[in-house]
Amino acid sequence: DGARLVFEMTGENAGAPLPAQTNDRGEYTLFGYTNKSVPTGNYKITVTKMTLKDGRIPDGEDLLKAEAKGLLKNSLPKAYEKSSTTPLTREIKSGKNVIDLELKK
């Protein structure tokens with residue numbers, strides 16, 4: 001719950017990054033694409049989960065305050081937090097795509 005994903009298209013036709021956030025079952029939908037088509041192509045996928053030291057994820061104004069004070073840390077393996085290091089890549093094709101991601105330590 002609360003992991004942030006960013007799909008970044010690779011190649012010369014790359015557009016804006018596509019964000020998502022997981023729910024309590026680990027499922028996600030790209031923001032703004034519930035009923036629209038996602039551009040087809042190859043994507044690198046970054047995943048982070050920013051938490052307080054005690055593992056809690058603040059929300060709303062508390063999240064903004066914690067970010068401003070530098071109190072958040074990524075609780076997932078560092079390899080997944082940057083497009084230059086993430087091993088996660090997927091091709092999005094036309095039609096429905098279900099993309100399951102497995103993170104390893």
Side-chain angles (χ1 to χ4, degrees):
D1 187 22
R4 295 180 191 174
L5 295 86
V6 178
F7 285 68
E8 295 181 40
M9 184 182 265
T10 60
E12 57 189 60
N13 293 328
L18 308 174
Q21 185 165 338
T22 60
N23 63 21
D24 60 352
R25 294 182 308 276
E27 301 166 336
Y28 64 91
T29 300
L30 296 173
F31 294 146
Y33 284 93
T34 306
N35 296 314
K36 295 191 310 186
S37 294
V38 173
T40 59
N42 293 308
Y43 287 80
K44 289 192 127 205
I45 305 158
T46 58
V47 186
T48 56
K49 184 172 180 177
M50 304 306 286
T51 64
L52 295 169
K53 273 186 167 183
D54 63 7
R56 289 183 304 117
I57 302 171
D59 60 2
E61 193 173 319
D62 291 336
L63 175 64
L64 296 175
K65 288 178 184 178
E67 282 179 329
K69 292 180 180 180
L71 299 177
L72 299 175
K73 67 176 187 99
N74 182 17
S75 62
L76 298 177
K78 285 204 168 287
Y80 299 105
E81 71 184 13
K82 294 182 182 176
S83 62
S84 61
T85 60
T86 184
L88 301 174
T89 59
R90 294 293 190 280
E91 180 182 6
I92 294 181
K93 299 177 181 181
S94 61
K96 184 175 180 173
N97 289 256
V98 175
I99 299 175
D100 293 326
L101 302 169
E102 183 179 343
L103 305 185
K104 299 178 181 180
K105 289 187 178 187

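Note that the numbering runs from 1 along the sequence shown for the chain.
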Which word best sums up how the rings of Tyr28 and Phe7 line up, parallel for under 30°, tilted for 30 to 60°, or perpendicular for over 60°?
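Aromatic pair Tyr28/Phe7 classed tilted.
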Under 3.5 Å, is there a donor-acceptor pair between the side chain of [X] and the main chain of [Y]?
{"X": "Lys49", "Y": "Asp1", "value": "yes"}
{"X": "Thr51", "Y": "Ser75", "value": "no"}
{"X": "Thr46", "Y": "Lys82", "value": "no"}
{"X": "Thr86", "Y": "Ile45", "value": "yes"}

Closest heavy-atom contact between Met9 and Ala14?
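Residues Met9 and Ala14, closest heavy atoms: O-CB, 3.2 Å.
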Please find the pair of heavy atoms, one from Ala79 and one from Pro87, that lie closest to each other, and give the distance.
O-CD, 4.0 Å
Do [X] and [Y] sit in the same hydrophobic cluster, where Ile, Leu, Val, Met, Phe, Trp and Tyr count as joined when their side-chain heavy atoms come under 4.5 Å apart?
{"X": "Leu72", "Y": "Val6", "answer": "no"}
{"X": "Tyr80", "Y": "Leu5", "answer": "yes"}
{"X": "Leu52", "Y": "Leu63", "answer": "yes"}
{"X": "Leu30", "Y": "Val47", "answer": "yes"}

How long is the gap from [atom1] on [X] to [atom2] on [Y], to the nearest 0.5 Å?
{"X": "Leu76", "Y": "Lys105", "atom1": "CG", "atom2": "NZ", "result": "10.0 Å"}
{"X": "Glu67", "Y": "Met50", "atom1": "CD", "atom2": "CE", "result": "7.5 Å"}
{"X": "Lys44", "Y": "Thr10", "atom1": "NZ", "atom2": "OG1", "result": "8.0 Å"}

Taking the side chain as every heavy atom from C-beta outward, state whether Lys104 and Pro77 have any atom pair closer than 4.5 Å.
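The answer is no; the side chains never approach within 4.5 Å.
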Tell me whether the count of non-hydrogen atoms from other residues, nucleotides or ligands lying under 6.0 Å of CG in Asp59 goes above 12.
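No, the 6.0 Å shell around CG holds no more than 12 heavy atoms from other groups.
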Could you list the donor-acceptor pairs under 3.5 angstrom formed by side chains in residues 96-103, with sequence neighbours left out?
| from | atom 1 | to | atom 2 | distance (Å) |
| --- | --- | --- | --- | --- |
| Asn97 | OD1 | Lys93 | N | 3.1 |
| Asn97 | ND2 | Lys93 | O | 2.7 |
| Asn97 | ND2 | Gly95 | O | 2.9 |

